[in-house]
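We're numbering straight along the sequence, starting at 1. None of the values given here were measured: they were computed from a predicted structure.
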Amino acid sequence: MGKRTLLTGIIVGASIGGLVSLLNGDARKYAKDTLDQSCNTLTYYANNPVEAVNSIRHTVLSLNSVIETNTHSAVSALEQVESSLNKVISK
């Protein structure tokens with residue numbers, strides 16, 4: 001029950017905050033422009049599903065490359081820490 005109440009509170013709070021922010025003219029314009037752009041993109045991909053698949057594929061490959069690079073960097077950092085610890089322990 002507590003989990004459900006928390007999620008409901010978060011959703012209601014975010015909704016009210018979003019509505020209050022729309023009192024600002026710049027925020028309304030930004031929201032409208034973003035919604036229009038999203039609708040145009042969605043319409044384009046609905047009419048060109050092959051492009052959608054290619055775009056998703058490209059994004060996944062790019063993300064995979066970033067993850068692989070960061071994983072390699074993290075492993076290298078851990079190896080350096082391990083090497084340093086071994087030097088300190090052996091003294």
Side-chain angles (χ1 to χ4, degrees):
M1 185 68 169
K3 186 184 222 182
R4 186 174 184 187
T5 303
L6 175 64
L7 291 176
T8 302
I10 290 171
I11 291 170
V12 168
S15 299
I16 291 171
L19 291 173
V20 168
S21 71
L22 290 177
L23 294 174
N24 180 317
D26 290 336
R28 271 195 316 275
K29 183 179 179 329
Y30 175 76
K32 182 187 177 304
D33 292 344
T34 303
L35 183 61
D36 288 343
Q37 183 180 12
S38 297
C39 288
N40 290 337
T41 302
L42 182 61
T43 301
Y44 174 78
Y45 284 133
N47 292 331
N48 302 293
V50 173
E51 287 292 322
V53 171
N54 286 336
S55 178
I56 292 170
R57 182 172 185 263
H58 176 72
T59 302
V60 168
L61 289 174
S62 296
L63 181 62
N64 188 32
S65 175
V66 168
I67 290 171
E68 184 177 338
T69 301
N70 288 335
T71 301
H72 180 70
S73 297
V75 168
S76 295
L78 287 173
E79 287 173 349
Q80 289 176 357
V81 168
E82 182 181 29
S83 174
S84 297
L85 285 174
N86 287 336
K87 287 178 185 177
V88 169
I89 291 172
S90 29
K91 286 185 179 183

Non-hydrogen atoms of S21 and A27 that approach each other most closely: O-CB, 3.2 Å
Heavy-atom donor-acceptor pair, S83 side chain to E79 backbone, under 3.5 Å: no
Euclidean distance, L85 CG relative to E82 CD, rounded to 0.5 Å: 8.0 Å
Salt bridge (charged side-chain N to carboxylate O under 4.0 Å, His left out) against D26, all qualifying residues, sequence neighbours excluded: none
Under 3.5 Å donor-acceptor, N64 side chain and V60 backbone: no
Expected output: side-chain T34 to main-chain A31 donor-acceptor under 3.5 Å: no
Backbone of E51 reached by a side-chain donor or acceptor of S55 within 3.5 Å: no
Chi angles and distances behind the side-chain contact (heavy atoms from CB on, under 4.5 Å) call for Q37, D33: CA-CA 6 Å; Q37 183 180 12; D33 292 344; over 6 Å; no
Donor-acceptor pair, side chain of S84 and main chain of Q80, under 3.5 angstrom: yes
Separation between CD1 of I56 and CG of L61, rounded to the nearest 0.5 Å: 12.0 Å
I16 side, atom CD1; I11 side, atom CD1 - distance, nearest 0.5 Å: 12.0 Å
Transitive ILVMFWY side-chain link V20 to V12, under 4.5 Å: yes
T8 side, atom OG1; R4 side, atom CZ - distance, nearest 0.5 Å: 6.5 Å
